[in-house]
Amino acid sequence: MAAALTLLLIGSLLQGAQSKEFNAIVPQTIEVLRGSCVTIPCSFEIEDKYESSLDDTCRAQWKLDWENVVVFNSKDPQTLLNKGELTGDLTKKNCTTTLNNIQPAGSNSYFFRLECDGLKYEFAAQRVLLSVKDVSPRPTLTPSALKVEEGASVSLRCSAPAPCLSHPPTVTWTKGLGDIVETLRENKDKTKVLTSDVTFTASHKHHGETISCEASYHKQNGSAESAATLTADVSYAAQILLSSDCITAGDQLNCSCWTLGNPPPTVRWYLNGSPVNHSEELSVSSERLNDTTTRSIITVNRQQEAGLSSLLCRSVNSRGSATQRFCVGSSEPQKSAQSPDRVMLTVFISVVVALLVLVCALLFVIRRWTVLSRAQKTHHDRLRSQCTGDTSTVTAGPLLGGEGQELPNNAEGASGGSEKTSEEGKDVVYSTVNWRTRSQEKRAEASEESLQPGGSYLEEEMCTAGGTLRGFVSSALEMEGLYGNVGPRNVKKEVGSEYAQVKFKDKRGMHK
């Protein structure tokens, strides 16, 4: 009997654990900008026996608690007070909804109602409080204070609530800080927040600067902004400014030493290597201009200046020190430890000079290469012209007459030498004259043919610049007159060249 009761009790407990009740899960409070929109994260549970009722017939409603007025209906979303959109899927028990143009200012509770064929239920026990304000939610800056040393890496996060997913806020940082990464994160209650992270290296220029992140929210009639700020506290070594100098006023020499640093530095003067003590001949005064800048002035009379060989200003704080040497009688100071600004200027000038030298060297090489290329091209063109006839001046071989004797030089001159000018003013080159020896059996026949009208004529091939020379026929006739009387029987050998031939033929062929 006891065992049966135990089994019954266990069965009841299991059944109770498996059965579900009507319940809605929504945030308790959401801060909203009046005239803006809000996305209400929502999910629900129903009793198991109604699971089959979750279908396409279901619709979502949102009601004002104190008036029991429907402000949104997913089946008719554009005709009610708050036009919105059901972004969840009711068949998956997701009732997330976006409501637009939230009015009026103040706090109002809303609850969800589910309506399906065969199922209607109001989740009135689970309400969400919309806190509607005239000002936009203020972002949160983390960390809220910034105190670092120069050169340290800094990471700041700006978190801005994102009550409306269709119009998330826009976050803007102080200009020129560093790299920015944005992420939309989810809180435990399913609401969203936009985080914007910026990373940069701390510099003395950041000290005292107000760093801000501004969040801009969309409204029905424009936008609204709110910002979070902090003031950077960056510690850095003492520095001496370039404005430090010496001037002569009457019978006195006044030298001023401008220094800055965080924490504020102290200034000491040294004459001829010894610390300066205030006296009748020397006076020292210091003035704190702000929390980082100090100006110290030393006055030296003419009598003391006569025995002065060196004057030093030394600025010291917990982060470091700087020293400057002043030239006595000159308004241009000399630094034994140069300030970072002057060092950067020196490096910049050196880089510019190096670049100029490099550019000049490149121009010289390009110029030299161009000259050599042109010279090589000219040489190549000359070699090529000897084959193409552009400007070549090839001289014909010696002409022989009689029994192996050379013809007179005037014969060569009559032919134009190695160059001949045509009617068009172009150069003509007769490259080769080939004399062919005939046998003794054909001499009589050649003699008879030479007496016939027309005589022999010259067939010539010549190379010209720019095309075939139009006046080559008249030149050929001229060559015929020069060499027509030289018989082939007097030729002992053949003279050859690369370009042309001059042959004897029947003169009657020339006059046809």
Side-chain angles (χ1 to χ4, degrees), residues 5-32 36-103 107-132 161-168 184-193:
L5 290 175
T6 302
L7 292 175
L8 181 61
L9 179 60
I10 293 174
S12 300
L13 292 175
L14 291 174
Q15 183 178 3
Q18 293 176 354
S19 64
K20 298 179 182 178
E21 298 180 353
F22 286 94
N23 183 42
I25 303 172
V26 294
Q28 292 183 350
T29 304
I30 301 178
E31 188 175 331
V32 186
S36 183
C37 56
V38 61
T39 298
I40 305 175
C42 176
S43 60
F44 62 91
E45 295 290 344
I46 59 175
E47 295 179 0
D48 293 339
K49 63 182 179 180
Y50 294 106
E51 290 283 346
S52 60
S53 298
L54 296 178
D55 53 25
D56 294 339
T57 65
C58 295
R59 63 180 179 178
Q61 292 183 352
W62 287 90
K63 291 185 175 183
L64 273 172
D65 183 26
W66 59 279
E67 289 184 347
N68 200 27
V69 175
V70 176
V71 295
F72 174 79
N73 187 337
S74 62
K75 291 298 182 181
D76 192 12
Q78 301 299 321
T79 59
L80 300 176
L81 178 62
N82 292 104
K83 298 178 181 180
E85 178 185 6
L86 176 66
T87 57
D89 186 349
L90 296 179
T91 62
K92 297 180 180 180
K93 302 176 185 178
N94 188 336
C95 48
T96 301
T97 306
T98 296
L99 303 178
N100 297 314
N101 194 20
I102 298 298
Q103 301 286 345
S107 297
N108 295 298
S109 294
Y110 293 76
F111 64 87
F112 169 66
R113 174 182 172 84
L114 176 65
E115 289 190 359
C116 306
D117 289 349
L119 174 62
K120 293 180 175 61
Y121 190 85
E122 288 185 349
F123 297 85
Q126 294 82 33
R127 297 178 175 84
V128 55
L129 180 67
L130 299 185
S131 178
V132 183
C164 180
L165 295 184
S166 60
H167 293 90
L184 191 62
R185 302 177 181 272
E186 185 174 88
N187 299 319
K188 292 182 179 180
D189 60 359
K190 304 299 181 180
T191 58
K192 299 294 190 295
V193 59

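Numbers for residues simply follow the sequence, beginning at 1. Heavy atoms only: backbone and side chains are in, while hydrogens, waters and symmetry mates are out.
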Colleague: Are the side chain of T87 and the backbone of T96 linked by a donor-acceptor contact shorter than 3.5 Å?
Modeller: yes
Colleague: Nearest 0.5 angstrom please: W62 CH2 to Y110 OH, how far?
Modeller: 10.5 Å
Colleague: For a quick test of reading the model, state the closest non-hydrogen atom pair linking F72 to E85 and the distance between them.
Modeller: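 Heavy-atom minimum between the residues: CE1-N, 3.6 Å.
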Colleague: For a quick test of reading the model, state the closest non-hydrogen atom pair linking G118 to S53 and the distance between them.
Modeller: O-OG, 4.2 Å
Colleague: Should P163 and S36 count as side-chain neighbours, where that means a heavy-atom distance under 4.5 Å?
Modeller: no
Colleague: Could you measure the distance from the CG atom of N23 to the OH atom of Y121? Nearest 0.5 Å is fine.
Modeller: 8.5 Å
Colleague: Can you check whether Q103 reaches V132 side chain to side chain, under 4.5 Å on heavy atoms?
Modeller: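 Contact flag for Q103/V132 side chains = no.
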Colleague: Between atom OG1 of T39 and atom NZ of K190, what is the distance when rounded to the nearest 0.5 Å?
Modeller: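 The NZ atom of K190 is 15.0 Å from OG1 of T39, to the nearest 0.5 Å.
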Colleague: Is any side-chain heavy atom of K93 closer than 4.5 Å to a side-chain heavy atom of E51?
Modeller: yes
Colleague: Taking only residues two or more places apart in sequence or in another chain, which ones pass ring pair (Phe, Tyr, Trp, His ring centres under 6.0 Å) with Y50?
Modeller: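 Ring pair (Phe, Tyr, Trp, His ring centres under 6.0 Å) list for Y50, sorted by chain: F22.
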Colleague: Determine the minimum heavy-atom distance between L90 and F112, stating which atoms define it.
Modeller: CD2-CZ, 4.2 Å
Colleague: Would you say T98 and L165 make side-chain contact, with heavy atoms under 4.5 Å?
Modeller: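 No, every pair of side-chain atoms sits at 4.5 Å or beyond.
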Colleague: Can you tell me how far apart CG (L114) and CZ (R59) are? Round to the nearest 0.5 Å.
Modeller: 10.0 Å
Colleague: Quick check on side chain to side chain contact (heavy atoms under 4.5 Å, CB included): which of L129, D189, T191, V128 does T29 satisfy it with?
Modeller: L129
Colleague: Between Q61 and K75, is a side chain to side chain contact (heavy atoms under 4.5 Å, CB included) present by the stated rule, with each step listed?
Modeller: CA-CA 9 Å; Q61 292 183 352; K75 291 298 182 181; over 6 Å; no
Colleague: Suppose we screen for salt bridge (charged side-chain N to carboxylate O under 4.0 Å, His left out). Which residues come up paired with K192, at least two apart in sequence or across chains?
Modeller: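 Salt bridge (charged side-chain N to carboxylate O under 4.0 Å, His left out) check on K192 returns E186.
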Colleague: Mind listing the closest non-hydrogen atom pair of L99 and T97 along with its distance?
Modeller: CD2-CG2, 4.0 Å
Colleague: Once rounded to the nearest 0.5 Å, what's the spacing between atom CD of Q126 and atom CD1 of I25?
Modeller: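 Going from the CD atom of Q126 to the CD1 atom of I25 covers 8.5 Å.
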Colleague: Hey, is R113 close enough to E122 for a salt bridge, meaning N to O under 4.0 Å?
Modeller: yes
Colleague: Test your reading of the model: is there a side-chain donor-acceptor pair from T57 to the backbone of D117, 3.5 Å cut-off?
Modeller: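 Present.
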Colleague: Is there a side-chain contact between K20 and I46 in this structure, where contact means two heavy atoms from C-beta onward sitting under 4.5 Å apart?
Modeller: no
Colleague: Which heavy atom of N100 sits nearest to which heavy atom of G84, and what is that distance?
Modeller: ND2-CA, 3.8 Å
Colleague: What's the separation between atom CG in D89 and atom SG in C95, rounded to the nearest 0.5 Å?
Modeller: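 It is 11.0 Å, given to the nearest 0.5 Å.
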